[in-house]
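Counting starts at 1 for both ligands and their atoms, following the listed order. One-based numbering along the sequence shown.
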Amino acid sequence: MSNSNRLRIAIQKGGRLSKDCQDLLKQLGVKLNLREQRLIAHSTNMPIDVLRVRDDDIPGLVMDGVCDLGIVGENVLVEVQAERQRQGVPSEVTKLSKLDFGYCRLALAWPSELGKQDKSWFEGKRIATTYPEILTQYLKREGINASTVMLTGSVEVAPRAGLADAICDLVSTGATLEANGLMQGDTILESNACLIQNKDLQDADKLALINKLMPRLRGVRQAKE
Ligand code: ATP
Ligand code: ZN
């Protein structure tokens, strides 16, 4: 459990969600000095500390109660949740809100020169992905016997490099797939960034602060609609 009396929020340090997370905190009225490249940024006007970490670490930090809140893509949340469930460690969180940034799709793709393919093509194939849990669940659901190859980066070059027959990767515009000669197939998961809370959070002051911030969050979302 977090023993600090300040509300701890985990956000991505550097990457696609960082700027939107910082903007959101600003819109919520949380003043931060983020100029220093520090792991923890203390708010100057609220009892809030912001931890800046890799996005993959965010669900675990919130599930273990090291952080009270976190902002992370649903893709990472679902993957970590499934992995931790298998390991028998805490995997539940309270989802406070879906956010209006970080939209992407986890989709299958294969070399374009093979042309359009249906699901049966994947039988016996090797699929490279950063999301083995989500992919395995999908394959099971669809009754496809294929193996997964875990890669944490450069998934889109795996077929060309001979590491896999196909991939299952995040797509937003599809430009990266196209640039790598890949054709997009089924979407396995649609994802947005979301705000999660430790499910055992009981500290009255922290809960009161969250209750003060949530209407502001809804206000920010409505203003954008
Ligand atoms: P980290 O160093 O924090 O591990 P990362 O390389 O894993 O960073 P990013 O590429 O910065 O992650 O993406 C962070 C999140 O942004 C993704 O998990 C996903 O939720 C979201 N996202 C939105 N669009 C895309 C996209 N086109 N490709 C990848 N992720 C995207
Ligand atoms: Zn990551």
Side-chain angles (χ1 to χ4, degrees), residues 8-25 32 34 36-41 49-64 66-67 69-84 91 93 95-110 112 127-138 148-160 164 166-197 217 221 224:
R8 286 193 156 188
I9 310 179
I11 66 169
Q12 192 187 21
K13 185 170 202 298
R16 292 176 202 259
L17 302 179
S18 314
K19 174 140 195 330
D20 286 314
C21 288
Q22 288 169 28
D23 289 350
L24 179 65
L25 289 170
L32 290 171
L34 282 171
E36 308 157 64
Q37 283 302 302
R38 291 228 178 117
L39 170 67
I40 300 185
D49 290 340
V50 173
L51 247 88
R52 293 186 297 161
V53 294
R54 288 201 62 182
D55 67 343
D56 315 75
D57 295 335
I58 294 173
L61 288 169
V62 175
M63 289 163 187
D64 290 334
V66 177
C67 291
L69 299 180
I71 299 174
V72 70
E74 286 164 323
N75 53 312
V76 174
L77 177 63
V78 172
E79 180 69 20
V80 173
Q81 216 149 25
E83 194 184 315
R84 288 178 63 114
S91 62
V93 290
K95 214 162 168 179
L96 291 182
S97 178
K98 194 171 168 136
L99 302 170
D100 57 6
F101 56 83
Y103 175 78
C104 57
R105 301 183 302 278
L106 188 62
L108 292 165
W110 56 85
S112 311
I127 311 172
T129 189
T130 310
Y131 300 88
E133 299 282 348
I134 300 175
L135 176 58
T136 303
Q137 282 177 5
Y138 167 84
T148 62
V149 179
M150 169 69 175
L151 286 179
T152 55
S154 307
V155 175
E156 67 283 355
V157 305
R160 218 176 341 133
I167 67 166
C168 170
D169 202 11
L170 295 176
V171 185
S172 46
T173 62
T176 308
L177 290 186
E178 208 171 307
N180 285 282
L182 298 169
M183 176 179 276
Q184 194 178 324
D186 276 6
T187 293
I188 293 184
L189 182 92
E190 276 194 294
S191 175
N192 268 76
C194 63
L195 176 65
I196 54 173
Q197 181 190 307
L217 180 70
R221 292 192 67 185
K224 282 192 184 169

Numbering the atoms of ligand 1 from 1, which are under 4.0 Å from a heavy atom of [X]?
X	answer
G102	21 (C), 23 (C)
Y103	23 (C), 24 (N)
S172	26 (C), 27 (N)
Q12	1 (P), 3 (O), 5 (P), 8 (O), 9 (P), 11 (O), 12 (O), 14 (C)
V76	18 (O)
L17	15 (C), 16 (O)
G15	11 (O)
G73	20 (O)

Need the atom name: nearest N/O/S atom of D55 to the Zn ion (ligand 2).
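Nearest N/O/S atom of D55: OD1.
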
By atom name, which N, O or S atom of D56 is the nearest to the Zn ion (ligand 2)?
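For D56, the N, O or S atom at the smallest distance from the Zn ion (ligand 2) is OD1.
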
Closest non-hydrogen atom pair between [X] and [Y], with its separation:
X	Y	value
V80	D56	CG2-O, 4.0 Å
A158	I167	CB-CG2, 4.3 Å
T129	C168	OG1-O, 2.7 Å
G15	S18	N-OG, 2.9 Å

Begin from the C-alpha positions of L106 and N75 and carry the test side-chain contact (heavy atoms from CB on, under 4.5 Å) through to its verdict.
CA-CA 8 Å; L106 188 62; N75 53 312; 5.6 Å; no

Quick one: do R84 and D64 make a salt bridge, cutoff under 4.0 Å?
yes

Polar side-chain atom of E156 near backbone of L177 as donor-acceptor pair, under 3.5 Å:
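Pair absent, no side-chain N/O of E156 close to backbone of L177.
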
E133 backbone acceptor or donor facing E79 side chain under 3.5 Å:
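Flag set: sc E79 to bb E133 pair under 3.5 Å.
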
protein heavy-atom neighbour closest to atom 11 (O) of ligand 1 works out as R16 N, 2.8 Å

Specify the protein heavy atom at minimum distance from atom 2 (O) of ligand 1: its residue, its atom name, and the distance to 0.1 Å.
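The closest one turns out to be R54 NE, 3.4 Å.
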
Proximal candidate to atom 19 (C) of ligand 1 [heavy atom criterion; set T173, N75, D55, V171]:
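Nearest option to atom 19 (C) of ligand 1, by heavy atoms: N75.
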
Closest by any non-hydrogen atom to atom 24 (N) of ligand 1: pick that one out of C104, G14, S18.
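Closest candidate by heavy-atom distance is C104.
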
Under 4.0 Å from atom 6 (O) of ligand 1, is there any protein heavy atom?
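So atom 6 (O) of ligand 1 lacks protein heavy-atom neighbours under 4.0 Å.
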
Is there a side-chain contact between V53 and K13, using heavy atoms and a 4.5 Å cut-off?
no

Polar proximity ligand 1 side, S191 side, N/O cut 3.5 Å exclusive:
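The answer is no, given that S191 and ligand 1 share no N or O pair closer than 3.5 Å.
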
Chi angles and distances behind the side-chain contact (heavy atoms from CB on, under 4.5 Å) call for T176, V171:
CA-CA 8 Å; T176 308; V171 185; over 6 Å; no

